[in-house]
Structure formats: C-alpha cells, structure tokens
Amino acid sequence: MKNLEIAAIFGDMSDLLEIQGANPFRVRAYRNARSSLESMTDTVEEIAKRGKLEDIQGIGKDLAGKIVEYIESGKIQAFEDLKKELPVGLVEILGIPTVGPRTARLIFDHFGVGSIADLEKLAKGGKLLTLQGIKEKTVQNILRGIEICKRRDGTFLLGRALPIAGEVIAALAEVAGQIACAGSLRRMKETVHDVDILVASGNADQVMKAFRDSPLAGRVLVSGPTKTSLLVTDGLQVDLRVVEPDSWGAALMYFTGSKEHNIRLRERAIRRGLKLNEYGLFDEAGKVLASKTEEDIYAALELEWIPPTLREDRGEVGASARSGGLPDLVEVGDIRGDLHMHTTWSDGALSTADMIEAARARGYQYIAITDHSKSLGVAGGLSDEDVLEHIDEIRKLDKKQKGIRVLAGTEVDIRKDGTLDYADEILGRLDFVVASVHSNLRQDRKTMTGRVIRAMQNPHVRVIGHPTGRLLGDRDSYDLDFDAVMAEAARTRTCLEVNAHYYRLDINDVLCRKAREAGVKVIVSTDAHNADDLRNLEYGVATAQRGWLEKEHVLNTRPVGEMLAYKAS
DNA sequence: GCCGTTTTCGGCCCGACTGTTTTCAGTCG
C-alpha cells in the first residue's frame with residue numbers, strides 16, 4: 001500500500017528535519033501528513049489520478065508533488081538528499097525515550113553514530129560524558145531508554161494492557177476520589193505504548209505513595225507532585241496523574257487525547273479568544289468557563305461530547321459542531337449474537353454444550369458454532385462426515401435451549417483458488433457460513449483479491465472471517481485490493497468480520513470506516529476458542545466504534561431472522 | 001510546509017518533570 005509507504009517516508013523526513021534543526025512547523029507539517037495518510041481509506045494513487053491530493057488534510061502543493069513523485073518514480077528526491085546528510089538510523093535513535101532531536105544531533109555531530117547499537121556502546125564506554133550538557137544521569141537515562149526500546153518493542157496489545165489498567169484502578173480505588181483510564185487505552189487503540197490513569201484527589205501525596213507502594217509497582221521512572229510513572233509487569237509503563245477535583249473534566253480530556261484531537265480543540269478555543277489546557281477552558285481574563293466535566297467543556301466550545309473512540313482527528317470535531325453530525329455508535333449491548341466460535345470438535349477448548357452455556361450466560365439471543373473445515377489439519381478441521389454429525393449434535397442441543405438460538409455453522413477454508421473446502425451440498429445444510437483464508441498467505445495482490453472475491457460469490461458465504469489475516473506485532477495483512485473486495489462485498493451482500501480477538505482486530509478501524517462508506521455490513525464476532533475469549537467482544541465493538549460504525553452497520557445487532565435474511569442463500 | 005470565523009501572510013497547543021543548570025533547555029505527552 002503506497003499510502004503507508006509514503007506515510008513512513010514523511011515520518012522519517014520529519015524526524016531527520018527535526019534533528020537538522022528545521023522550522024518546527026515544517027517538521028509538524030510532515031508529521032500531520034503522515035498521520036493523515038495512515039488513516040485514509042482511499043489510495044493515494046486514485047486520489048492523485050483525480051487530481052485531488054491537496055484535498056487531503058495536511059497535504060498542500062509541495063507534499064502533493066512529493067506524493068506524485070513517489071507514485072511515478074518510487075522515491076522522493078528530497079528524502080534521498082536528506083539521507084545523504086543524516087543517516088536514517090538517527091530515526092531509530094530518536095525513538096529512544098529521553099533522546100530527542102537535540103541530543104540525537106549532538107551525539108551524531110561528535111561521534112557520527114547512526115544506530116541504537118552504536119549508541120549503546122558509546123554510552124557504556126563512558127564516551128558520552130565528554131559532551132557538553134551530558135553527565136552520568138543522562139547517560140543512565142539513555143541506557144534505560146535503550147532497554148525499554150528493546151524490551152517493549154514499542155507496543156502492548158489493547159487486550160493485555162486494559163486488564164492491567166483495571167488492576168491499577170482497583171488498587172487505588174480506596175484513596176482516589178474519581179479514577180479513570182485515559183490515553184490511547186481509553187480511546188481503545190489496538191496497541192498502546194503505556195497506560196494513563198487519572199485520579200481526582202485533594203491529597204496527591206497519598207495517592208502517589210499508594211501507587212508507588214502497590215504490589216504491581218516495579219521500577220519508578222519519575223515521580224513528582226502531579227505525575228508518577230513506573231513500570232509494571234512485562235515492562236508496561238503506567239503513568240498516574242493526580243488532579244484537583246475541579247479540573248477533572250479538563251484533565252480527563254487532555255490526557256485522553258489524542259494529541260491531534262486536543263490540538264484541534266485548542267485551535268477552536270483560540271479562535272474564540274479562549275484558552276484550553278488540562279485545568280480548564282479559560283477566557284482572556286483567565287476566568288474559568290468550564291472544567292468539571294468533559295461535557296461542559298465541549299459544550300462551551302459549542303460541540304457535542306465526543307466519544308473517546310472517535311478522538312483521532314479524523315473529522316470528529318467538525319462533525320460534532322453540526323447537530324447530529326456525530327455517529328450514534330454501536331455498543332456492546334447492541335450485539336445480539338456471536339457468530340464465530342470453536343469447540344472441541346476442532347481446536348476449541350469446550351464441548352458444544354459448554355460453549356453454548358458460556359454464550360448464553362452472556363445474554364446472547366443467538367450464536368453460531370463454527371468449527372474449522374477439513375483441510376485445516378493443524379486445527380482439527382472436520383471431515384465431510386464429521387461436519388454432518390456435528391450439525392446433528394447442534395440441532396439437538398438447539399432444540400433443548402430456551403431463549404437462545406444455536407446456529408449450525410462452519411468456518412470454511414477458502415482454498416488457494418478461491419473455492420471452498422466443503423461442497424455446496426454441505427454448505428447448504430448449514431445455517432451460517434464464515435469463510436476464511438488460512439493457507440497460502442503470500443499470494444500476490446491480484447490472486448489473493450480474486451480468491452476472496454470468488455469466495456464471496458458463493459451464495460452460502462455470509463461473512464469473510466478475519467479478512468486481512470494480520471496478527472498484531474507478528475504478521476502483516478494479506479495483500480488485498482480492498483476497493484475491489486468492498487465493492488464485491490456490497491454487491492453480493494457478504495459481510496466482513498470484525499474479529500474481536502485483541503491479537504487480530506481484523507478488520508481494523510480504518511477498514512471499518514471504509515466498509516461503512518462502501519455500504520458493506522460488518523459482523524463483530526469473537527472467534528472464541530474458550531469461555532474467556534467471549535469477553536473479547538468489547539475490543540471488536542470498540543474497533544467498530546473507532547471506524548464510526550452505528551448499530552445499523554453491524555449485522556449481528558439485528559434479530560436472528562433479519563440477520564439470516566440479509567444474504568439469502 | 002500548511003492554512004484561513006483575524007487570513008494568501010503570519011501564524012502554527014500547552015504545561016510538567018528532569019538534569020544540568022544558577023535561570024533554562026530538552027523531552028514528553
């Protein structure tokens with residue numbers, strides 16, 4: 001995807017320009033452009049063809065020219081020139097916590113260092129101490145930063161970090177007045193760098209002490225009167241901030257971000273002659289106009305309250321200024337059925353009966369049992385005979401249920417040529433068919449796209465499971481032309497899954513929004529292999545929210561009859 | 001380098017914490 005390639009180049013350019021000491025606003029322009037390109041749903045190639053690149057937020061004449069240059073020649077000369085002056089390895093050095101552009105530049109100018117490994121040797125050899133302004137403490141911080149870089153590899157999965165945040169909140173509940181999770185975790189980003197916890201209390205010292213003394217706490221990184229950062233399990237960094245109860249709303253907004261969303265709000269405040277910071281919204285005389293709740297502050301800026309999952313500066317501020325402009329987001333409680341789960345018939349941990357019971361306990365009106373198909377040997381895929389036998393079992397169990405409908409389903413493999421792993425005769429006997437790619441993952445774009453499209457053309461296939469196949473931090477997406485996939489999904493009334501497992505979250509937020517725009521419905525399912533996995537639904541719903549999806553865009557918010565009628569097979 | 005409810009030039013978000021400093025620069029979020 002050229003969007004992401006160009007975004008990465010703009011990101012590297014912004015870092016190198018910053019190290020070079022360029023105009024900070026120019027640096028920011030490149031960063032803004034990167035962020036725009038990363039969250040776009042259309043490809044730059046198409047937009048360029050239409051001559052509309054300058055319509056993209058943060059792209060002006062100059063950057064539009066650079067995008068065209070990259071599309072046509074595969075490189076950007078300005079970036080090549082920059083790399084001649086500064087090694088691109090400085091970008092990774094800038095990624096070390098505590099090392100900013102000035103330090104990176106200082107070190108490079110004296111030692112010509114161009115990688116983290118080289119920097120680590122210098123630091124350990126005591127060479128950095130010869131530099132003006134660097135003493136032992138700074139060296140130790142750089143080395144610690146390098147360690148953090150190596151260990152955390154930058155990110156933690158949402159589904160790992162959120163439970164830890166819950167434990168911290170529970171541990172501090174007694175000493176905290178109000179307490180909440182903020183930051184990217186509150187926005188439910190798929191991966192987070194750290195956990196932000198916000199507390200309102202008139203006695204900050206007591207809260208900070210309780211935090212430092214809690215059994216979860218590992219090494220303390222910084223600790224002042226309003227902020228303490230420390231490391232917990234697995235090197236996850238938790239930042240705790242304490243604010244006065246009167247500025248709770250302003251602080252919660254500020255620390256929830258995103259940074260870009262906050263900047264948008266501050267600009268709006270400035271245009272009104274106001275100032276917004278973490279303490280409140282102030283007029284020119286310094287008088288507080290709003291601070292206690294987020295709703296108050298948004299209202300004082302003539303905005304509707306914006307749900308945290310939308311706060312990414314993807315048009316939400318503008319939408320919130322118009323009455324009814326914000327989406328009425330789908331919620332966990334709207335989901336009536338989970339349509340992707342496994343049992344001991346293939347690679348699940350529970351029997352069919354136990355899985356049904358676990359799902360019923362969550363209050364669903366319907367579920368689909370969808371074990372793997374025959375060619376997925378590693379996951380115990382069911383033979384033709386087995387799947388027929390399993391259908392019988394599910395039908396018998398369904399008859400015994402009250403209040404929950406159990407659909408006989410399958411997660412059928414999409415074979416490498418786009419045909420399915422069961423004959424239509426078998427698929428026709430099932431109530432619900434999920435079709436997924438599990439093999440030959442490295443096909444080229446055209447082949448893979450054709451393969452998925454062919455599967456969608458089968459009238460029995462209601463949804464494509466984990467459509468991109470990515471595994472967060474471990475495996476990239478298949479190479480798919482999503483414009484073509486979405487168009488065919490809309491035409492055939494085939495849904496795309498939002499696989500809710502926090503290791504997948506597939507499709508992601510950006511593709512959810514694209515699906516909405518393309519008129520494609522999604523189905524949020526857990527792909528549960530045990531009872532605990534069923535709880536992952538909240539991550540999938542949050543991803544749908546981040547993609548601006550409303551109840552009507554999510555098929556499994558509908559009653560079972562209506563859901564099944566959507567693609568009549 | 002972008003962008004327009006003050007606009008096509010002159011702005012561009014704001015404060016806390018740390019370390020190396022005697023009043024502030026750098027980094028971070």
Side-chain angles (χ1 to χ4, degrees), chain A residues 10 13-14 17-19 21-36 53-67 78 93-107 128-129 131-142 144-145 148 182-187 192-198 204 208 220-229 237-243 247 250-251 253-282 301-302 313 318 321:
Chain A
F10 285 170
M13 288 182 78
S14 73
L17 285 166
E18 190 173 32
I19 292 168
N23 175 350
F25 300 106
R26 190 172 163 221
V27 172
R28 204 171 95 186
Y30 277 90
R31 295 222 164 108
N32 288 340
R34 171 184 63 184
S35 139
S36 269
L53 284 172
E54 288 182 51
D55 286 358
I56 301 169
Q57 178 74 241
I59 304 291
K61 197 172 171 196
D62 183 274
L63 293 182
K66 289 189 167 69
I67 292 172
I93 287 178
L94 204 55
I96 302 170
T98 73
V99 177
R102 305 305 293 260
T103 310
R105 180 74 208 227
L106 183 69
I107 293 168
L128 294 182
L129 292 171
L131 297 179
Q132 172 78 27
I134 292 188
K135 296 259 182 298
E136 189 52 37
K137 201 110 186 190
T138 303
V139 175
Q140 288 313 314
N141 283 338
I142 290 173
R144 273 207 311 227
I148 288 172
S184 48
L185 205 55
R186 184 166 179 238
R187 303 198 312 277
V192 302
H193 288 276
D194 56 23
V195 169
D196 292 295
I197 306 284
L198 187 69
M208 291 305 184
V220 176
L221 301 174
V222 302
S223 190
T226 67
K227 171 181 169 176
T228 292
S229 296
Q237 181 176 331
V238 180
D239 296 344
L240 177 76
R241 329 227 175 201
V242 181
V243 299
S247 54
M253 248 169 90
Y254 175 80
F255 290 117
T256 297
S258 67
K259 189 175 168 184
E260 293 74 20
H261 176 84
N262 287 347
I263 288 174
R264 199 61 71 192
L265 293 180
R266 291 227 182 88
E267 286 169 354
R268 191 176 174 88
I270 289 168
R271 280 203 302 276
R272 286 166 167 68
L274 309 174
K275 185 173 80 162
L276 178 64
N277 59 27
E278 60 261 58
Y279 302 107
L281 180 67
F282 301 88
L301 291 169
E302 294 173 81
D313 191 26

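Given the structure is predicted, the values throughout are model-derived calculations rather than measurements. Each chain gets a letter, A, B and so on, in the order its sequence line appears, and its residues count up from 1.
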Selected nucleotide, minimal atom distance to [X] side chain, candidates [options]:
{"X": "A:A29", "options": "B:dC3, B:dC2, B:dT27", "answer": "B:dC2"}
{"X": "A:N141", "options": "B:dG29, B:dG19, B:dG26", "answer": "B:dG19"}
{"X": "A:F25", "options": "B:dC17, B:dG29, B:dG1", "answer": "B:dG1"}
{"X": "A:V222", "options": "B:dT18, B:dT21, B:dG15", "answer": "B:dT18"}
{"X": "A:K135", "options": "B:dT21, B:dG1, B:dG29", "answer": "B:dT21"}
{"X": "A:Q57", "options": "B:dC3, B:dT18, B:dG15", "answer": "B:dC3"}

With sugar-phosphate meaning primed atoms plus P, OP1 and OP2, does [X] contact a base, only sugar-phosphate, or nothing at under 4.0 Å between heavy atoms?
{"X": "A:L265", "result": "nothing"}
{"X": "A:K137", "result": "sugar-phosphate"}
{"X": "A:R272", "result": "nothing"}
{"X": "A:L94", "result": "nothing"}
{"X": "A:P101", "result": "sugar-phosphate"}

Quick one: is [N] close enough that its OP1 or OP2 comes under 4.0 Å of any side-chain N or O from [X]?
{"X": "A:N32", "N": "B:dC2", "value": "no"}
{"X": "A:K259", "N": "B:dC14", "value": "no"}
{"X": "A:T98", "N": "B:dG26", "value": "no"}

Taking atom [atom2] of [N] as reference, at what distance in whole Å does atom [atom1] of [X] sit?
{"X": "A:I107", "N": "B:dG26", "atom1": "CD1", "atom2": "P", "result": "13 Å"}
{"X": "A:E18", "N": "B:dC28", "atom1": "CD", "atom2": "P", "result": "10 Å"}
{"X": "A:R28", "N": "B:dG1", "atom1": "CZ", "atom2": "P", "result": "15 Å"}
{"X": "A:I270", "N": "B:dT5", "atom1": "CD1", "atom2": "C1'", "result": "14 Å"}
{"X": "A:Q237", "N": "B:dC17", "atom1": "CD", "atom2": "C1'", "result": "13 Å"}
{"X": "A:L53", "N": "B:dC3", "atom1": "CG", "atom2": "C1'", "result": "17 Å"}
{"X": "A:R105", "N": "B:dT27", "atom1": "CZ", "atom2": "P", "result": "13 Å"}
{"X": "A:N277", "N": "B:dG15", "atom1": "CG", "atom2": "P", "result": "5 Å"}

Please state the [atom1] separation for the pair [N] and [M] - nearest whole angstrom.
{"N": "B:dG11", "M": "B:dT6", "atom1": "P", "answer": "14 Å"}
{"N": "B:dT27", "M": "B:dT21", "atom1": "C1'", "answer": "16 Å"}
{"N": "B:dT20", "M": "B:dC28", "atom1": "P", "answer": "15 Å"}
{"N": "B:dT5", "M": "B:dC12", "atom1": "P", "answer": "15 Å"}

Under 3.5 Å donor-acceptor pair, A:Y254 side-chain atoms to B:dG29 base atoms: yes

B:dG1 base / A:N23 side chain donor-acceptor hit below 3.5 Å: yes

Would you name the heavy atoms of [X] and [Y] that are closest together and state the gap between them?
{"X": "A:G133", "Y": "A:T138", "result": "O-OG1, 4.4 Å"}
{"X": "A:I96", "Y": "A:I142", "result": "CG2-O, 4.0 Å"}
{"X": "A:L94", "Y": "A:A104", "result": "CD1-CB, 4.3 Å"}
{"X": "A:T256", "Y": "A:R187", "result": "O-NH1, 2.7 Å"}

Who pairs with B:dT8 - Watson-Crick or G-U, where each distance is under 3.5 Å: none

Residue closer to the 5' end of DNA chain B, A:G100 versus A:R271 (nearest nucleotide): A:R271

Residue closer to the 5' end of DNA chain B, A:V27 versus A:G133 (nearest nucleotide): A:V27

A:R272, CZ: over 12 other non-hydrogen atoms inside 6.0 angstrom: yes

Student check: side-chain heavy atoms of A:L106 and A:I134 closer than 4.5 Å: yes

A:N277 vs A:Y254 side-chain heavy atoms within contact, under 4.5 Å: no

